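When reading the values below, keep in mind they use all heavy atoms of this one structure, side chains included, and skip hydrogens, waters and symmetry mates. Quick caveat, the model's predicted, so the values are computed rather than measured. Proteins come first, then strands; the chains are lettered A, B, ... in the order of their sequence lines, and each starts at number 1.
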2 protein chains.
Amino acid sequence: MINIQELDTDRLEMAANMLKAIAHPMRIAILKHLEGGKKLTVTEIHELLGIEQSTTSHHLGILKDKGVLCSRREGKNTYYYLKHDILSQIVDCLQRCTCSE
Amino acid sequence: MINIQELDTDRLEMAANMLKAIAHPMRIAILKHLEGGKKLTVTEIHELLGIEQSTTSHHLGILKDKGVLCSRREGKNTYYYLKHDILSQIVDCLQRCTCSE
DNA sequence: TTAACAGATGCAAATATATAAATATTTGAC
DNA sequence: GTCAAATATTTATATATTTGCATCTGTTAA
């Protein structure tokens, strides 16, 4: 028998993990670059953001692990992209909420 | 002279702080209860969620500090409510992104 | 002015996260 | 197979977060 309360807790937990994954300046910047279905490699992102390769890979790993991004390997490169297009909503919302203060 | 890069960094930082504030199971649950312009007291929230009063107050303080909630004192009670209605978008988005997995 | 209620704050222990440096793995070219 | 490029993982250190308890501050009503 399935417990609704439990399900809800799991769902909240999942949502929180997803948000926690996004809630970092560099990771928000990554999402911005991936809006509109764009796909970028680790190297492209690490150069765009000007941060270490290993740090970039780490951030991408977190985003993927928590269900924010997907990745596809093509040859030596791994392309990362948004798992759900609607996630752009979050970035947009943040953009609107942070301009008035 | 203002540095655009710097501004952008500050803005990202602010956005990340706002998201970090939301990114917690209990705090997402709080936002859910406040959708639609509802105002609730600390006690109401602490009873709704079934968590300690002081823990509730801590969470509300974080959300207020990071610009997610506002509060108004009325007599013995303090009512908390969403600062920006559009923040419901984030909760909605999470709800949609967490049902398919 | 005191009792009782509502909320906020300080603190400490447990836990989680961030970063970078070093190292490992995977893949394609030769 | 060997090498180099692209990416991932490991590790260690520093820092931040979460939670509950105890306590403190306001506020209302007796």
Side-chain angles (χ1 to χ4, degrees), chain A residues 9-10 12-31 33-34 38-83, chain B residues 9-10 12-31 33-34 38-83:
Chain A
T9 301
D10 285 357
L12 277 176
E13 197 83 37
M14 190 189 295
N17 283 333
M18 217 159 169
L19 264 200
K20 230 183 285 181
I22 303 174
H24 183 287
M26 284 303 159
R27 301 202 287 261
I28 293 172
I30 290 173
L31 292 206
H33 284 292
L34 295 177
K38 262 171 285 187
K39 294 171 194 241
L40 296 173
T41 67
V42 179
T43 300
E44 284 171 327
I45 292 168
H46 122 72
E47 283 167 353
L48 276 169
L49 303 189
I51 58 178
E52 285 286 322
Q53 179 277 319
S54 77
T55 304
T56 307
S57 184
H58 196 202
H59 285 315
L60 290 170
I62 289 168
L63 287 167
K64 184 181 176 185
D65 184 52
K66 302 307 186 217
V68 179
L69 300 184
C70 290
S71 67
R72 168 152 49 227
R73 182 133 205 177
E74 284 180 24
K76 282 194 287 194
N77 300 306
T78 301
Y79 288 88
Y80 281 86
Y81 53 97
L82 288 182
K83 180 162 185 181
Chain B
T9 301
D10 284 357
L12 277 177
E13 197 82 39
M14 190 189 296
N17 283 331
M18 219 159 165
L19 263 202
K20 225 182 290 178
I22 303 174
H24 183 287
M26 283 304 158
R27 299 201 289 261
I28 293 174
I30 289 173
L31 293 205
H33 284 293
L34 294 177
K38 262 171 285 185
K39 296 174 192 233
L40 295 175
T41 67
V42 179
T43 300
E44 284 170 329
I45 293 168
H46 122 73
E47 285 168 353
L48 277 168
L49 304 188
I51 58 178
E52 283 286 323
Q53 178 276 318
S54 77
T55 304
T56 307
S57 186
H58 267 136
H59 286 315
L60 290 170
I62 289 168
L63 287 167
K64 184 181 177 185
D65 185 51
K66 302 306 187 219
V68 179
L69 299 184
C70 290
S71 67
R72 169 155 46 230
R73 179 137 205 178
E74 285 180 24
K76 283 193 287 193
N77 301 306
T78 301
Y79 287 89
Y80 281 85
Y81 52 98
L82 287 181
K83 181 162 182 180

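- A pairwise comparison of heavy atoms in A:Arg72 and A:Tyr81 identifies N-CE2, 4.1 Å as the closest pair.
- Atom CZ of B:Arg72 is separated from atom P of C:dG7 by 15 Å (rounded to the nearest Å).
- Between A:Glu74 and B:Tyr80, it is B:Tyr80 whose nearest contact on DNA chain C lies nearer the 5' terminus.
- Annotation for B:His59 and B:Arg27: closest pair ND1-NH1, 3.0 Å, computed over non-hydrogen atoms.
- Put simply, the side chain of B:Gln53 and the base of C:dA6 share no donor and acceptor less than 3.5 Å apart.
- Contacts of A:Thr41 with the nucleic acid, taken as non-hydrogen atoms under 4.0 Å apart, involve only primed sugar atoms and P, OP1 or OP2.
- Rounded to a whole Å, the CZ atom of A:Arg27 is 5 Å from the P atom of C:dA18.
- As a whole-Å value, the separation of B:Glu47 CD from C:dA6 P is 9 Å.
- Ranked by how close their nearest DNA chain D nucleotide is to the 5' end, A:Asn77 and B:Arg73 are led by A:Asn77.
- Atom NE2 of A:His58 is separated from atom P of C:dA21 by 15 Å (rounded to the nearest Å).
- When distances are taken from the side chain of B:Ser54 to each of C:dA18, D:dA8, D:dG20, the shortest belongs to D:dG20.
- A:Ala16 approaches B:Ala23 most closely through the heavy-atom pair O-CB, 4.0 Å.
- For the pair B:Asn17 and B:Lys20, the minimum side-chain heavy-atom distance is below 4.5 Å.
- Taking all atoms of both residues into account, the shortest heavy-atom contact from B:Thr56 to B:Val42 is CG2-O, 3.8 Å.
- With D:dT7, C:dA18, D:dT17 as the choices, the nucleotide that has an atom nearest any side-chain atom of A:Ser57 turns out to be D:dT7.
- A:Thr78 comes within contact range of the sugar-phosphate backbone alone, with a heavy-atom separation under 4.0 Å but no base atom that close.
- Across all strands, B:His46 comes closer than 4.0 Å to no nucleic acid atom at all (heavy-atom distances).
- The side chain of A:His24 sits closest to C:dT19 out of C:dT19, C:dA8, D:dG20.
- Closest contact between the side chain of B:Lys76 and the listed nucleotides D:dT27, C:dA8, D:dA5 involves D:dT27.
- In this structure, the nucleotide among D:dT19, D:dT7, C:dT19 sitting nearest to the side chain of A:Thr55 is C:dT19.
- At whole-Å resolution of the value, CG in B:Leu60 and C1' in D:dT17 are 17 Å apart.
- Distance, A:Ile22 CD1 to C:dA18 P: 13 Å, rounded to whole Å.
- Rounded to whole Å, atom C1' of C:dG7 lies 13 Å from atom CD of B:Glu44.
- To the nearest angstrom, P of D:dC21 lies 5 Å from CD of B:Glu52.
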